[in-house]
Engineer: 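Could you have a look at this structure, given as C-alpha cells, before my questions?
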Amino acid sequence: MITSDPLTFITISPIALGLALLIIPNIAPPSMADYIRKISRSLSMSLALAIFAITTMLFLGQIGNTDWLNITQGTYVFENEPVILLESIGVRWTVGADALSFPMIWLTAMLIPISMLVEWDAKKGHIFHPLILIMEGALLGVFVVLDLFVFYVFWELTLIPMFFLILIWGGNDRRYASMKFFIYTFTASVLMLIGILVMYFNTNDPNLAGTLTGHHFDLVSMTMQSSGDGLIASNGLRHFVWILLLVGFATKMPSVPVHTWLPDAHVQAPTAGSMLLAGVMLKMGAYGFIRIAVTIFPESTIIFSSLLIILGMASLVYGAIVCMGQTNLKRMVAYSSVSHMGLIFLGIATMQPLGIAGALFMMFAHGIISPLLFAVAGAFKHHYHTLEIGSMRGIAHHSPWLAGHMMLGWMASLGLPLLAGFVAEVAVMIAFWMTFGWLVLLPALTLIITAVYYLTSMQRTIFEGGDPHVGILPESLHGEEPRDITWHENTGMLILGALTIIFGIMPFIFWDMMSEWSTDFMIETLISAMNSQGVKP
Amino acid sequence: MGENKQEWDRLLYIIPFLLVVPYLYLTNENSTDYWWLIIASPFIFFFIIAIVGQIWNKHNFWVNNLKEGGVLGLGALSLSLSTSIWMICDYLSDHGHVETGEPLSWLSFDVLTYGDDSWSIATSGFSGIGFGIYLDSLSIMLLFVATFLCFLICWFAIGYMTTDSINDNSNHRFFAEFVLFSMGMFGMVLADNFLWLFIFWEIMGLCSYLLIGFYYWKPSAAYAAKKAFLTTRVGDVFLMIGLLMLYDIYGSLDFAVVFDHPDTGVGGVAVDSAELQTALLMLFIGAVGKSAQFPLHVWLPDAMEGPTPVSALIHAATMVNAGLYLVARMVPFVDIHHHGVAGMEELGLIVAWIGGITAFMAAAIAFVQNDIKKVLAYSTMSQLAYIFTGLGATLWLFNSGKHHAGALVFGGSLFHLFNHAMAKGMLFMASGSVIHEVHHAHDHLHHHGDDDHDFDPQDMRNMGGLASKLPVTATAMMFGSMSIIGIPLIGGFWSKEVIIAKTWYAYFHGAEELIGPALLLLATAGMTGFYMSRMWFMTFAGEPKNQLVDHVHETTPWIKTPLVILSIITAIGGFGLALYGMVDWLSGEENHLSIHKATFLKQVIYELDHAFLPDDLKLRYVGWTTIFLSFIIGPVMAARIYGGALKEGEKATPVIHWLTSLSGKFGSQNVDEIANSQLADALQNRLYFDDLYEGILARTIIPFSNFTAWFDRTVIDGVIKQIESNSVLGSVQIRKVTTGSARDYILMAAVGALSIFALIWGVN
C-alpha cells in the first residue's frame, strides 16, 4: 500500500493509530492500558517519522520516480484508484499531489515530528501525542484529497484535535480561546460549504455523478468543466460563490478583518499547537483559495483582484503596525503571521507567474519560520513563565541557545537574505512592481516596520540587562535562575533553523517546481481569462 | 619582536589553510574556478566556530590554543586571502581577460507580458537570477582590500579580544560573526548581479548589527545596534525598489547583461532616462544608508559601541565602502561613450551634493569630539563623502560627454577608497591599541573590583604624552593621520588631490551647481587637517593628563604586527601605486598596472609635475589652496591649541620627538570661549539630528501603533464579540423551541437540511 497508494497511507494511518491510542487504554484491562499509555508517545513519534521518511522518498523519487518539474496544472501524481464512499450523492475517495500541494504535504510531515519533539515532555503525553497524530492525518487529508466533500470533512476535522490541544494544554484563558477559535473558523467554513454545495449542484459529469442527486464532488472534473463552458452559468452566482469561498479561506489564512481569532488562539495554545496552527493550518486557507477559488473561477478572481489587493495590503500593513503595539511576545508573533499572509494575496493579485510562485514559496517558507518563532515563544513561556516583552533582559547570558534561535527566527521572519523568507518576499515584490508600480511603497514600508518591531523586541529580551551576572529577570521566576532550553526543544529549533538556512540558500529545491507549476497555471487558467476580460497592463 | 613565543606557535594552525592554494596552483588548476573558496571558507567556519564554541566553551584547548576560535577564523581568512591573491595575480598578468565561467542558476521564473492585445508568457528577454562572479579592476581592488584587511584585523582581534576579561568566554561569538561578515563582504565584491550584491549587502548589515551589539548587556550597545540596523534598513528598502525597477527595465539584474547596452531595455526598447534615473536614485538611497551619508548618517557614530576591531573592519575599512561600490557600479549607465543613457546629469549633482554636505558636516562635528573612536568615525563619514563627491562628479562628467576627465576622477575616487581603507583600518587598530593599553593600565592601577566605572579609556582627555609609551602605535597613527589629511606625497594625498581638482574642473566646465560641493570639499580639506592633528596631539603629544599614562606599555601580543604592515603600505603605497598608474587602471582606461615612462625617475618627475604643477592654471590654484589648508592651516591651528612637547626625559623615535616638540613651539591658545559657545554645543549634540529623528518617531509611529493595537482589540474584535453576545441573546429566544424531545430535533434538522438543498437547487 505504501508504494501503490502512499498518499492514502500517510493520511489514514496517523488517524487510525491516533484514535487507537486514545481509545484502547479506556477499554483495555488496566495493565495493558498502562503499557499502551507508556509507549503511546514513542509510537506516535515513530509513525510521524515514518511518514516524514515516506514523503521525503516521494520527493526524491525513490517511490514513484516523479519528475516534479513537469506536473502540469490539472494533473496529479500518486493518484489512487478512486473508491466510492457515498454512491447516492457522488462522494469518492480520490487523492493526488502536484507542485501546489506537495510542498505543503512535505512541510506537514516534517513539522509533526518536530512539534512532538519540542513538547516531548508535555503533561498527559499519552493523549497529547496521539492528538497531534490525528492532527497530522487531518492536515494531510486537506492537502491530498481531490473530492470536495472529503476535503470539507478533513477541513473541519483539523479543528477537533486543535480544539482539544488548546482546551487541555492551553494557558489561563484557554476555555474562551478554544471556543472562539472553534466557533469563528467553523462559521466561516459553513459559508465556504454553501459555496461548495452550489458548485456541486452545477456539476454535470454523468460518469462520476451520484445515483440520487446526479452530481459529484470531484475537483478535477469541476476544474475541467470550468475551463470548458464554465462551471456556473450565471455570472452573478459565480461571483457570489467566489465571495463565499473567499470568506471561508480568508478567515483561515487569516486576513484582516477576520483575523482576531488568531492572536487569542495562539497565545493560549500549547507550543506544538501554535507551531502547527501557524505552520500548516494557516496555509490551508491559502491552499484552498488557489486550488478551488482561483482555479475554478479565474474570471471572478480577475474581476475581484482589487479586493485581493485591498485585503492583502490591509493584512500586510495593518498587521505589521499592530505588531508594533504588542507587549506580549506570542501575540506579536501571531500578528506577524497575519502580516506575512497578506503577501500571499498580493502575490496572487499580481497575475504574474513569478508572483504566484512567490506566494507559494511564502506559504512554504512561512511554514518553516513561524514554527521556529512559536517554538522560541513557547520556550520563553516554559522557562521564564512570562511572555511580556521587556520583563526579562539580557537572556543571551542565561539562555544562549534560546537567544541564538530567537535571533535566527526573528531575522528570517523580517526577510533577511539567505534565509527562506527572503526569496518569497523578493519574488512577490518583483512581480508586484511589474503590475502595480509605485504601490510597492506600501509593502516596502512594511519591511521597515517589520524590522522595527522585531528588533525592538530583541533589544528588550536578548540584549540589555546591565551587568550580565545580575541582569533583569521577570518576577514570575520568583528569584530563581532561569535555565537554558532543554535538549529536545533545542534539537527541534536547530532543525527548523537549519531548514531555514538551507531553503534560503537553496530555494530551488522547491522553488523550481513551484515556478514551473505557476507558469503552467497561468497558461491553463488565468491568461485566457485575462484576455477575455480585457485586462490591460 | 619581544612578543611571547608561545603565542606565535598558534600560527602553526593556519599552515594547512595556507597550503591549499599552492597545491592547487601546482596541479595547474585555474584560479577562477576556485573563486567559491573565497566565500565558502569563511561561511563554513562561521558555523564551526559558532557551534563548537558554544559547546566547547571553556575547554582549555579551545581557549588557549585556538584562542576561542580566533585562530580558526584567521585560518579561514588566510585561505580566502591566498585564493584572492592568486586570482588577482592571474587577473593582472592576463591584463583583465579572464574567463569566469557560466553563472549557476539560482531562481528561474517566467514573466507574463502584454502585446498585440493579449497576454502571453515572455519567451525571451527576461532571465532568472543566477549566481556567478564579475571581475574588473574595481572588484579586484575591493577584493584585495577586503581580504587583506579582514585577515589583518582578525589577527589584531585575536590579541585585542582574548586579553579582555570582560568578554567572558564569549569570543567565539565575536569570531564567528567576524568571519560571517567577511563572507558577506567578499561575496558582495565578487557577485555578478545586483540581487546577489544586495543579498551579501544585507548579510553584512546583519553582522554589523550583531557585532555592534557584542557587549549585549550594555543598553547603549543594544540601542546602537538597533539604530544601525534600522537606519540602514531604510536605505536598503529603497535599494530593493531600485532593483525592482532595474529588473523591469532590463529584464535581468546581471551586470554583464545590463552593462552591455544600458540604453536598450528588455525587448529592444530605448530606455527612458527619467525612469532609469529614478531607479539609480533609489539605489543611491541604499548607498547613503550603508555608507552613513547625510541624512542617514546617524548610526555610524553610535556604532562605535562595538569592539574596536569591529569598528576598524566594518565601520571604517570595508562595509561602509559598499555604498561607494554600488555608486561606482552606476557609471556604465551614464557613460554616453559606451551606450550609456544621456540626460541624467541630475544624478551626479545629487550624489556630489550629498557628499559635499556630509564631508563638511562630519568634519565640523569631529572638531569637538573627545572620544578617540568618535573622531575617527566622523572622519570616516567625511572621507567617504569625499569619494561620493568624486563619484558624483564622475557621473556628471561621463553623462555630459567629458569622458577623459570623468575617467580620471573615477579612478581617483576609487584610489581614495583604497587609501582610505588602508589608513582608516590602521587608525582604528591603533586607536584600539591605545584604548586597550590605557584600559589595562587603569585596571593595573586600580586592581579589579574597586575601579571607578566612570573612567572612559576612550576619552582623549585622559591621555596625552603617550608617544614615548606606545612608539609603534604613535608612528602608525602619525602615518594614518597624514594619509587622511593629505600631507603631500603620503597615501591619500594622491587621490584626494584628484577628487578636489576634478570637482572644480567639472564646475569650470559647465556644472555650475557643483560650486557648493567644490567649496565644501576645499573647506573640509583644511578642517581634516585640524581634527586629525588635534586627535594625534591630544593623544600622543604634550604632558600626560592622567597619572595612569606612566603605566601604559605596548605589550599585548598580536597587536603590533598589523600596525607595522599597514604603516608601510600607508606611507609609501599611495605614491608607489600612483606611479604604476593605479588611477588609470581603476577607471578602466588601462588594463594593466605598469610604469608608462621610459625610466622610473622620469615617471616620478611626471607624477610630481602633474600633482603640483598641472597645466590648467585654475586647477593649479585649487591644488595649492588644498595643500595650504590641509598641510599648513589645519595642523598649525591644532598644534596651537593642543600641541606640546613631551615631558623631560621621555624617549621617543626621532621623528615623533621632533613632531611633538615642533607642536609645542606654536604656543598655546585658550579656546574655552569657543568651546562653550552655542555652536560647539550644537556640534557636541551632532547638530540635533538624532534628537530630531527620535522625536519624530516617538511622536508619530509609537502612539499610532499603540492606537492600532487598541483599535484591533476593541473595535475589530469588539464587533465580533458583540455579534457573539447578541447571538447568545438570540439563542435564549431560540431556546424556547427546544422542546427536549428528540423527535422534534430530528424533524427540525431534516426540514432545515431539506430547505437548504431545495434553496440551492431552486437557484439553479
Side-chain angles (χ1 to χ4, degrees), chain A residues 183-184 197-198 201-202 237 257 260 318 321-322 324-326 351-354 357 394 396-397 400-401 411 416-418 422-423 426-427 429-430 433-434 440-441 444-445 447-448 451-452 455-456 459 462-468 471 507-508 511-512 515 519 522-523 527 530-531 535-537, chain B residues 50 54 105-112 114 117-121 168 195 198-200 202-203 206 209-210 213 216-219 221-223 225-226 229-230 233-234 237-238 240-241 243-245 247-248 701-702 704-712 716-717 720 724 756-757 760-761 763-764:
Chain A
I183 295 170
Y184 208 130
L197 286 178
V198 177
F201 284 113
N202 282 283
L237 184 62
T260 49
Y318 175 83
I321 294 174
V322 174
M324 280 204 296
Q326 300 303 321
M351 299 293 162
Q352 282 281 357
L354 177 59
H397 176 73
W401 284 107
M411 283 293 165
L416 196 86
L418 293 191
F422 172 75
V423 179
V426 85
M429 295 277 268
I430 293 177
W433 171 268
M434 288 182 162
V440 82
L441 280 174
L445 177 76
L447 288 180
I448 301 176
V452 171
L455 262 66
T456 309
Q459 180 195 359
I462 296 181
F463 294 92
E464 296 192 346
D467 190 332
F508 42 78
W511 171 271
D512 281 355
S515 172
T519 304
M522 290 299 294
I523 294 171
I527 289 182
M530 285 167 85
N531 287 335
V535 178
K536 294 268 183 318
Chain B
Q54 190 63 47
S105 159
W106 191 59
L107 279 189
S108 57
F109 48 81
D110 291 297
V111 172
L112 200 60
Y114 189 73
D117 291 332
S118 69
W119 291 89
S120 58
I121 300 285
D168 192 25
L195 188 71
F198 177 71
I199 288 174
F200 287 117
E202 290 278 282
I203 297 292
L206 167 73
Y209 166 74
L210 293 172
Y216 60 85
W217 59 88
K218 280 164 71 180
Y223 174 75
K226 184 180 83 165
F229 193 94
L230 290 182
R233 182 82 174 174
V234 172
V237 164
F238 284 99
M240 190 159 159
I241 295 177
L243 298 187
L244 308 180
M245 297 179 76
Y247 187 83
D248 200 23
I701 306 269
I702 294 169
F704 182 61
S705 65
N706 287 338
F707 165 76
T708 325
W710 170 85
F711 177 82
D712 195 70
I716 295 194
D717 204 29
I720 302 287
E724 191 188 314
I756 289 176
F757 267 72
I760 294 164
W761 223 318
V763 170
N764 288 287

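In what follows, chains carry the letters A, B, and so on, assigned in the order in which the sequence lines appear, proteins first and then strands, with residues in each chain numbered from 1. We use all heavy atoms of the structure for the numbers below, so side chains are in, but hydrogens, waters and symmetry mates are not.
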Engineer: Is there side-chain contact between M411(A) and F229(B), with heavy atoms separated by less than 4.5 Å?
Structural biologist: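 Contact flag for M411(A)/F229(B) side chains = yes.
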Engineer: What distance do F711(B) atom CZ and I321(A) atom CD1 have between them, rounded to the nearest 0.5 Å?
Structural biologist: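 Rounded to the nearest 0.5 Å, the CZ-CD1 separation comes to 11.5 Å.
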Engineer: Measure the spacing between NZ of K226(B) and OG1 of T456(A) and express it to the nearest 0.5 Å.
Structural biologist: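 Going from NZ on K226(B) over to OG1 on T456(A), the span is 3.5 Å.
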Engineer: I'd like to know if the side chain of W119(B) and the backbone of V535(A) have a donor-acceptor N/O pair within less than 3.5 Å.
Structural biologist: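 Judged by distance alone, yes, a pair lies under 3.5 Å.
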Engineer: Please classify the contact between I241(B) and chain A as side chain, backbone, both or neither, with a heavy-atom cut-off of under 4.5 Å.
Structural biologist: side chain
Engineer: Take a 6.0 Å sphere around CZ of F200(B) and say whether it holds more than 12 heavy atoms from other residues, nucleotides or ligands.
Structural biologist: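 Yes, CZ of F200(B) has more than 12 neighbouring heavy atoms, counting only those of other groups under 6.0 Å.
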Engineer: Looking only at atom types and distance, does a side-chain atom of S515(A) sit under 3.5 Å from a main-chain N or O of S108(B), one as donor and one as acceptor?
Structural biologist: yes
Engineer: I'd like to know if the side chain of E464(A) reaches the main chain of W217(B), judged simply by a donor and an acceptor atom lying under 3.5 Å from each other, with no hydrogens or angles considered.
Structural biologist: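 Checking the backbone N and O of W217(B) against the side chain of E464(A), no donor-acceptor pair under 3.5 Å is found.
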Engineer: Heavy-atom pairs under 4.5 Å with chain B - which of V440(A), I183(A), L418(A) has more of them than the others?
Structural biologist: L418(A)
Engineer: Which atoms of L107(B) are under 4.5 Å from chain A, going by heavy atoms: the side chain, the backbone, both sets, or neither?
Structural biologist: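 It is both, since atoms from each part get that close.
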Engineer: Testing the basics here: between L416(A) and E202(B), what is the closest heavy-atom pair and its distance to 0.1 Å?
Structural biologist: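 Taking every non-hydrogen atom into account, CD1-O, 4.1 Å.
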Engineer: What part of A396(A) gets within 4.5 angstrom of chain B, counting heavy atoms only: side chain, backbone, both, or neither?
Structural biologist: both
Engineer: Against chain A, label I702(B) side chain, backbone, both or neither, depending on which of its atoms sit under 4.5 Å from a heavy atom there.
Structural biologist: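 Contact with chain A: none, neither part.
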Engineer: If you tally heavy-atom pairs under 4.5 Å against chain A, which of F198(B), Y223(B), F704(B), Y114(B) wins?
Structural biologist: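 The option with the most such pairs is Y114(B).
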Engineer: Quick one: do W433(A) and D248(B) satisfy side-chain hydrogen bond (donor to acceptor under 3.5 Å, both in side chains)? Show the steps, please.
Structural biologist: CA-CA 8 Å; W433(A) 171 268; D248(B) 200 23; 3.2 Å; yes
Engineer: Return the OG to CG distance between S105(B) and D512(A), rounded to the nearest 0.5 Å.
Structural biologist: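 These two atoms lie 6.5 Å from each other.
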Engineer: Given a strict heavy-atom distance threshold of 4.5 Å, which part of L243(B) is in contact with chain A: side chain, backbone, both, or neither?
Structural biologist: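 Interface part for L243(B): neither.
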Engineer: Roughly how far apart are I121(B) CD1 and I523(A) CD1, rounded to 0.5 Å?
Structural biologist: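 Rounded to the nearest 0.5 Å, the CD1-CD1 separation comes out at 4.5 Å.
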Engineer: A side-chain contact here means heavy atoms from C-beta on lying under 4.5 Å apart; do Y318(A) and T708(B) qualify?
Structural biologist: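 With C-beta onward as the side chain, the pair touches.
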